[in-house]
There are 2 protein chains.
Amino acid sequence: MGNVEDPQDARVRLWAPVAQAVALLLGPYAEVVLHDPDTDRVLGIWNPMTSRGVGDPSLLGELDDLEPSAQDVFGPYEKLLVDGRRLTSVSAVLRDPQGRPSAVLCINLDRTPLEQAAAVLSAFGAPTVQRPEPLFEQDWSERIQHIIGSYVRETGRPVERMTRQDRLAVLGRLEEARVFAVRRAAPVVAGALRVSRSTVYGLLAELRSPNAKDRP
Amino acid sequence: MGNVEDPQDARVRLWAPVAQAVALLLGPYAEVVLHDPDTDRVLGIWNPMTSRGVGDPSLLGELDDLEPSAQDVFGPYEKLLVDGRRLTSVSAVLRDPQGRPSAVLCINLDRTPLEQAAAVLSAFGAPTVQRPEPLFEQDWSERIQHIIGSYVRETGRPVERMTRQDRLAVLGRLEEARVFAVRRAAPVVAGALRVSRSTVYGLLAELRSPNAKDRP
DNA sequence: TCCAGACTGGACAGAAAGTCCAGAGGGGCT
DNA sequence: AGCCCCTCTGGACTTTCTGTCCAGTCTGGA
């Protein structure tokens with residue numbers, strides 16, 4: 001299901017069984033990706049969690065730190081999807097008999113369902129109300145990710161093709177969460193929203209002002 | 001297993017099946033206790049988690065808030081055992097046909113194993129250490145008050161007669177709590193510590209710098 | 001093709017954040 | 001008391017951010 005691979009490529013034929021086996025073992029919540037380290041493109045993908053397909057460019061950062069290093073296996077490290085899902089990832093550089101890197105295998109495990117299950121368990125018989133929705137993130141930049149992420153999930157609209165209204169709504173939530181009381185937050189938000197700092201301040205001004213716009 | 005009951009008592013004969021059924025359903029992690037509200041003693045206990053037995057006095061506080069109230073079912077509320085286990089408890093006042101309280105049934109569910117399981121689940125594949133200590137206050141100025149307040153309480157030294165060391169310690173805690181990442185926090189802290197802004201920055205610098213002071 | 005609305009990048013003023021220092025207490029010691 | 005050392009103070013000053021503005025670019029729709 002959802003497997004996409006290029007059977008023409010010898011590397012794919014070589015590694016596909018491994019990738020598929022792992023994908024089967026870890027159920028629907030693990031994505032296995034085979035990358036071409038030369039072209040930085042996807043060779044094959046099993047259980048894709050995003051809309052990537054064969055030939056698409058590899059996600060920025062997924063391979064970034066890998067090449068210069070001496071070791072071949074990386075992680076596990078944490079990644080955050082725009083929709084808020086938490087992934088645990090490992091990567092391995094796969095070499096041909098001559099020792100040259102021929103592919104990079106990445107396994108991305110979605111930890112969200114496990115965490116939800118954990119929440120169910122610890123809520124069982126718990127008399128105290130769960131935290132009111134709150135921001136148990138120590139790190140405010142995670143909070144930003146989280147808020148933007150849940151908005152994306154709710155609306156199904158990724159950051160890249162948000163409308164002005166979407167941005168206004170997201171900024172409203174961020175404002176509510178007092179995010180802008182934190183130093184340096186505005187530029188970070190601008191970055192996360194793929195928008196310039198000016199735009200953020202513009203939208204923010206529109207939000208905060210008595211909107212004279214509503215009555216023409 | 002581990003059931004202790006007094007078959008002589010009519011109330012026990014009446015309620016024992018209920019108690020036993022609940023004890024069986026909730027496995028080894030729920031303790032069911034039948035109390036005598038008049039003598040404040042244990043009439044019967046199933047799956048005892050502590051060393052209480054029939055005839056022992058009921059645990060202090062277990063019945064405290066029950067009597068004066070109008071309702072008959074209480075909880076769930078949280079209890080803490082000396083060994084650190086967290087219990088979720090409910091209680092019910094059981095009445096005879098004349099409406100007089102004849103027994104009190106308490107069910108104590110040990111939530112520890114569930115919470116451990118939850119921890120296992122959310123640790124599965126988790127690369128990062130769990131959050132270093134949440135501090136889920138929305139309002140950062142409250143957080144400042146809270147940190148300073150607890151220091152004062154711990155040391156018994158009010159803000160006015162703090163020593164330099166005290167101030168350093170407090171600032172250390174505030175720093176740890178990332179308080180100074182918030183705009184305008186420094187002056188507020190200075191005010192709360194009854195000290196000038198300069199002093200705050202001075203002490204802060206001393207804290208953050210490689211303390212050359214330690215090696216004379 | 002042209003227009004209108006939206007975003008950008010850079011410039012800039014103003015506000016905080018930090019740094020620095022001369023001078024004012026204020027204990028403790030002689 | 002008188003002195004000294006340590007610490008805090010208030011203010012001046014530099015640096016870093018914040019928030020505003022605007023001319024110019026991009027883009028989708030009529």
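Letters A, B, ... mirror the listed sequences (proteins, then strands); counts begin at 1. It should be emphasised that the depicted structure is a prediction, and the values quoted were computed from it without experimental measurement.
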Atom-to-atom span, CZ of B:Arg164 to C1' of D:dT9 - whole angstrom = 14 Å
Spacing of A:Phe180 atom CZ relative to D:dT18 atom P, expressed in whole Å | 11 Å
Count the heavy atoms belonging to other residues, nucleotides or ligands that lie under 6.0 Å from CZ of A:Arg194, then report whether that count exceeds 12.
-> no
Across the strands shown, which category fits A:Arg197 at heavy-atom distances under 4.0 angstrom: base, sugar-phosphate, nothing?
-> base
Using only side-chain N and O atoms of B:Tyr201, determine if any of them is under 4.0 Å from OP1 or OP2 of C:dT19.
-> no
Most 5' of B:Arg184 and B:Thr163 on DNA chain D, judged by nearest nucleotide = B:Thr163
Atom CZ of A:Arg161 and atom P of D:dG28: how far apart are they, to the nearest Å?
-> 13 Å
Judged by nearest nucleotide, the residue sitting upstream toward the 5' end of DNA chain C, A:Arg194 or A:Arg183, is A:Arg194
How long is the line joining CG of A:Leu203 and P of D:dG19, in whole Å?
-> 14 Å
With side chains defined as the heavy atoms from C-beta onward, is the minimum distance between B:Val42 and B:His35 less than 4.5 Å?
-> yes
For B:Thr199 and A:Val182, take the nucleotide of DNA chain D holding the closest heavy atom to each; which residue's nucleotide lies nearer the 5' end?
-> B:Thr199
Atom CD of B:Gln165 and atom C1' of D:dC8: how far apart are they, to the nearest Å?
-> 15 Å
Rounded to the Å, how far apart are A:Leu207 CG and D:dG19 P?
-> 14 Å
Nearest to the side chain of B:Ser198, which nucleotide is it out of C:dT8, D:dT9, C:dC7?
-> D:dT9
Give me the one residue out of A:Val18, A:Val104, A:Leu34 that meets side chain to side chain contact (heavy atoms under 4.5 Å, CB included) with A:Leu94.
-> A:Leu34
Rounded to the Å, how far apart are B:Leu171 CG and C:dG18 C1'?
-> 15 Å
Going from CG on A:Leu105 to CH2 on A:Trp15, what distance comes out if it is rounded to the nearest 0.5 angstrom?
-> 8.5 Å
For B:Leu193 and D:dT7, what is the distance between atoms CG and P respectively, to the nearest whole Å?
-> 16 Å
Would one find a side-chain N or O of B:Ser196 under 4.0 angstrom from OP1 or OP2 of D:dT9?
-> yes
Calculate, to the nearest 0.5 Å, the distance between atoms CD and CG belonging to B:Gln165 and B:Leu203 respectively.
-> 9.5 Å
Choose from D:dA12, D:dT20, D:dC8 the nucleotide whose nearest atom is closest to any side-chain atom of A:Ala205.
-> D:dT20
